Amino acid sequence: MRETYDFAAVEAAAQQFWNETRAFEVVEDAAKPKFFCLSMLPYPSGALHMGHVRNYTIGDVISRYQRMNGRNVLQPMAWDAFGLPAENAAIKNNTAPAKWTYANIDHMRAQLQAMGYAIDWSREFATCRPEYYVHEQRMFVRLFKKGLAYRKQSVVNWDPVDQTVLANEQVIDGRGWRTGALVEKREIPQWFLKITDYAQELLDGLDKLPGWPDSVKTMQRNWIGRSEGLEIEFLVEGDRTPLRVFTTRPDTLMGVTFLSIAAEHPLAQEAARDNPKIQKFIDDCRHGGTAEADIETQEKKGIDTGLSAIHPVSGERLPVWIANFVLMGYGTGAVMGVPGHDERDWEFATKYDLLIRMVIVSDAVRDAIVDLGHEAEGNQDSMSAALGESKPLDVVEAPGALALLEDFERGIIEDRAYTEYGWLVNSGEYDGLDYRGAFDALARKFEGEGCGARRVNFRLRDWGVSRQRYWGCPIPIIYCSTCGAVPVPEDQLPVLLPENVKFMGVQSPIKADPEWRKTTCPQCGGAAERETDTFDTFMESSWYYARYTSPGAKDMIDARANYWLPVDQYVGGIEHAILHLLYFRFYHKLLRDEGMVHSDEPVTNLLCQGMVIAETFYRDQADGSRQWINPVDVEVIRDDKARITGAVLKADGKPVEIGAVEKMSKSKNNGVDPQTMVGKYGADTVRLFSMFAAPPEMSLDWSENGVAGMARFLRRLWAYSWQFCESRNPNRMAADLRWTAAEADAEAKACRRQIHELMNQANYDYERKQLNTVVSAAMKILNALDTLGTHAATVASVSSDVGKPKIDGELATQQREFVRREGLSVLLRLLAPVTPHVSHRLWNELDFGGNILDAGWPQADPEALKKASVTLAVQVNGKLRGTIEVPVDARRDAIEQAALANGDVSKYVTGTPKKIIIVPGKIVNIVA
RNA sequence: GCCGGUGUGGCGGAAUUGGUAGACGCGCUGGACUCAAAAUCCAGUUCUGGCAACAGAGUGUGGGUUCGAUUCCCUCCACCGGCACCA
């Protein structure tokens, strides 16, 4: 009995079947190869958005594909439940963060389940539960005892009105987002994890991750930022503590004309003591946020301290400046200024009229100097005189060399710093050395004198894990006036975060509550106070993957972890390329060093999906503000060539302005609610569109017309399958068909080959995770099946079969039915990972037997792919002029002859061709 | 500012990795069906010139390598992601 496609019923029934059979609950099975497919866990923000749908559909497609290929697949889900938005909601709505969070989780879980993801829900957890974070606290205590966790002063954004620390996100144009007050930098003590101890290993490990995108590996490499250089000591006049600076360019040392120090540097503080101007400058440096982008883009400013440092080679007195771009927290808080050979120093020196000295020149300039001024070595004036008016040819021809030489002659650098490597000049005994030579010579000198050393420096900084917020995991430390910072003993863990709290203003309830912090010192038993800061939420998301493997484990994880780990496939947004993924890798190494896991890296294959974007529409309001209108409420107007000419609001039919295509967001009101779409089209259609509209790594442009197109395809698939069900003849199901050349029906054979070729393409694309072309292959298969037995099929059939006899009667009918049946079984299995519900139903309806989840993956039949002839494109001088049909085994001369004999080709070839290039199976290019 | 990425018809994208640019889908145009509309089906659809056959141009810009470049190299432009307390 034929049915219409009722997606809601189909999806409910399939989901019920999976639930009842516990289809996705897995246990360790040594007999089967495992596959751990992990998607980044969601923050329970309130409702599922399209970004989630995309992320989890990609993960689900990969999971289901791997399962159909015989793997024991674990696909889990959890909630990254601590975080700032819960506190904001609490302040806004007067609800406790816990209550808000749990309600969101319940709602979003139901939304995820409606998508039909093959998730093992028995392993679900929320990171805000004590049974989860107790392990995190325990781990922190262990790291503390190992010396991998420590406390130091560190800079935060301070809102002077709210008297609170702000996240970078909460600083807008240097002001607090709620108060509008100018934000200040403030130093407070905070906890850090020594990720820098693992910097080299984190860097080296990237080379062992072939399954990670190069872009992510490059970003991580640059973030870790390993550099080799020299740490050099500059004495400061007046018997003060010497300044230590690190430089990767010791070859430019003789070009140092000043030193810069951070505003918080002790020397700066000293200089300000009786100088109000310097004090004011230092105070001004406190304004603005701590974000690197802000610091790097702000105007470079400085002030002279009046102090002098001594150049370690020349003994020259160098002015010491305070500069707003030097940061106390990173490195030594002091840098050497080489304006001749550093872009930023050049700008600074030009602005403040500091000396610019040229000490490095290019190859061409050096050659000129050596040739013409050898005897005048080291003497600027006589060398310039020796060069005179005549410029050597090398210099004139080499790009930029002439300007450089002229600068050299004048002894100034006019337009910009010369930052390339080159040869030393004006450097006394180091003249004529190159970078390496100068590096080694200076390193030996300073190491000998004890005022400098070779050093490897990392840009990577230790991980600050303290947050001055309530809704996070409490840091398990007790402060005792006699014993200092003492970790909470193991048997007193977890330190519980109270969930039933009231927000008074913006203050953390556990900081506001005088009772919560009161405790006794575990060491001396005296009165003591708890740490009221909580952990960075990256702490929870750094080990959640491991917890999935060991539900209910007494410790963080147990032996089961080593069956499942490392993760075989990780799927998540590219915005996590650096921070999350670096902490994640670091934490895995911490787990390894605790003996909990045996692998070095947590993830073998990484896929970073792009954003979901959509058109924006708006109306300018009378008060100058912009009213953003959701795309769902807008109708786009096009001309008869399909170009967009405008848009109107469906409600009033009046025009709206068209904005940019942007990431779906609340602020632009261009978010499309997945639940609405699922209600209207079904989960399979939404999943299908998410996979089809763009390759996983690229941004996905949401289009409801596109979604409607996917619904159309599924309806066609449904109708075709039912039609086949009705028309098939059970007596024709024998598989021992004769497919010999003489007896094969040309159309059936061509169609079968097309299907097997498409199957090959789809399998290739599944392996490389280009899922949009998997869907397109499936559509092509349905198109091919649809035209089998119609006039169009003869046209579409591949040329090599055209001349073959067309057989009639029972055998041809049998063959066509065989191709249809086989084609459908291939098509349903190719689609099963993407549209699991409809595939499940049709698989059963067509009696293919068993459960499609375990039906095995289709492989192309080499017999079906065999061809007698191929079509070659023929070019003349690289321009396509015609095509020829040749037997697959045609010899070179036969191909040449056929190409030249072709009428479309020959009219462009006059005389004997100079050269004929033949690429087998593809192209012939005649160079005339 | 620094690091990473992207750029192809009206739109999303494809091109099995140097070999017939525009597959597949959307949109649009025309037709069939219908009293009509929707749905469905059929045909067409890169641009320019031409009734057509056909010719020329064409993958962000400018250059280079090659018999041949969307693909490799250099330059520039635009947009997106990250920048350590959003997650």
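The structure presented is a predicted model; accordingly, all values stated were derived computationally and were not measured. Naming convention: chains lettered A, B, ... in sequence-line order (proteins, then strands); numbering from 1 in each chain.
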How would nucleotides 63-74 of chain B be written as a contact map, 5' to 3', with B for base contact, S for sugar-phosphate-only contact and - for no contact, using protein heavy atoms under 4.0 Å?
----BS------

Starting the side chain at C-beta, find the nucleotide from B:G81, B:A84, B:C28 nearest to A:Met219.
B:G81

Does A:Asp536 reach the main-chain N or O of A:Met539 with its side chain, forming a donor-acceptor pair under 3.5 Å?
no

Can you check the distance between B:G18 and B:C51, where both ends of the measurement are the C1' atom (answer in whole Å)?
40 Å

Contact class for A:His576 (heavy atom, under 4.0 Å): base, sugar-phosphate, or nothing?
base

With A:Asp533 as partner, the option from A:Arg469, A:Lys511, A:Arg467 fulfilling side chain to side chain donor-acceptor pair (under 3.5 Å) is A:Lys511

Counting side-chain heavy atoms from C-beta on, which of B:G13, B:C83, B:G27 comes nearest to A:Met698?
B:G13

Main chain of A:Trp79, side chain of A:Thr127: is a donor-acceptor contact present, judged purely on distance under 3.5 Å?
yes

Considering only atom C1', compute the distance from B:G9 to B:G60 and round it to an integer number of Å.
15 Å

Return yes if a side-chain donor-acceptor contact under 3.5 Å exists between A:Trp702 and A:Asn670, otherwise no.
no

Would you call B:U29 syn or anti, using the 90° rule around 0?
anti

hbond_proxy A:Arg768 side chain to B:U17 base (donor-acceptor, 3.5 Å cutoff):
yes

With a 4.0 Å cut-off on heavy atoms, is A:Phe713 in touch with a base, just the backbone sugar-phosphate, or nothing at all?
nothing

Would a distance-only check, ignoring hydrogens and angles, find a side-chain to backbone donor-acceptor pair under 3.5 Å from A:Glu343 to A:Thr419?
no

So what does A:Asn783 hit on the nucleic acid, given a heavy-atom distance under 4.0 Å: a base, only sugar-phosphate, or nothing?
sugar-phosphate

Donor + acceptor pair across side chains of A:Gln468, A:Gln190 (<3.5 Å):
yes

May I ask you to say what A:Tyr43 touches in the nucleic acid, namely base, sugar-phosphate or nothing, with a heavy-atom cut-off under 4.0 Å?
sugar-phosphate

Tell me the interatomic distance from A:Ile578, atom CD1, to B:G5, atom P, rounded to whole angstroms.
12 Å

With sugar-phosphate meaning primed atoms plus P, OP1 and OP2, does A:Lys780 contact a base, only sugar-phosphate, or nothing at under 4.0 Å between heavy atoms?
base

Mind telling me if B:G56 is syn or anti? Syn here is a glycosidic angle within 90° of 0.
anti

A:Lys680/A:Glu704 salt bridge by N-O under 4.0 Å criterion:
yes

Mind checking if A:Val165 touches a base, just sugar-phosphate, or nothing, with heavy atoms under 4.0 Å?
base

The correct set of residues in residues 183-198 of chain A placing a heavy atom under 4.0 Å from RNA chain B is A:Gln190

Flag the pair A:Arg716 and A:Asp786 as a salt bridge only when some basic side-chain nitrogen lies within less than 4.0 angstrom of an acidic carboxylate oxygen.
yes

What's the CZ-C1' distance between A:Arg643 and B:C26, to the nearest Å?
16 Å

Length of the CG-P vector between A:Leu880 and B:G58, whole Å
16 Å

Atom pair distance, as rounded to whole Å: CG in A:Leu460 and P in B:C2
21 Å

What integer distance in Å separates A:Tyr470:OH from B:C85:C1'?
19 Å

On a whole-Å scale, what distance lies between the P atoms belonging to B:C2 and B:G63?
27 Å

For A:Val171, which contact category applies under a 4.0 Å heavy-atom criterion: base, sugar-phosphate, or nothing?
nothing

Using modelled atom types only, decide if a donor and an acceptor are shared between the side chain of A:Asp462 and the backbone of A:Thr196 within a distance under 3.5 Å.
yes

So what does A:Thr773 hit on the nucleic acid, given a heavy-atom distance under 4.0 Å: a base, only sugar-phosphate, or nothing?
sugar-phosphate

Using a 4.0 Å heavy-atom cut-off across all strands, classify A:Ala577 as base, sugar-phosphate, or nothing.
nothing

Rounded to the Å, how far apart are A:Leu865 CG and B:U16 P?
18 Å

Could you identify the nucleotide paired to B:A78, looking across every strand shown and requiring Watson-Crick or G-U wobble geometry with both distances under 3.5 Å?
B:U6

Taking any heavy-atom pair under 4.0 Å as a contact, classify A:Gly573: base, sugar-phosphate, or nothing.
nothing

Pairwise C1' distance for B:C54 and B:U59, with rounding to whole Å
24 Å

Electrostatic pair A:Glu347-A:Lys351, nearest N-O below 4.0 angstrom
no

Can you find a side chain N or O atom of A:Gln761 that sits less than 4.0 Å from OP1 or OP2 on B:C24?
no

Opposite nucleotide pairing with B:A21, Watson-Crick or G-U, both atom distances under 3.5 Å
none

So A:Lys879, base contact, sugar-phosphate only, or nothing? Heavy-atom distance under 4.0 Å.
sugar-phosphate

Base, sugar-phosphate alone, or nothing: which one does A:Ser466 contact when heavy atoms must sit under 4.0 Å apart?
base

Would one find more than 12 heavy atoms of other residues, nucleotides or ligands at under 6.0 Å from atom CG of A:Asp904?
yes

Can you find a donor-acceptor pair, distance only, under 3.5 Å between A:Arg221 side chain and B:C3 base?
no

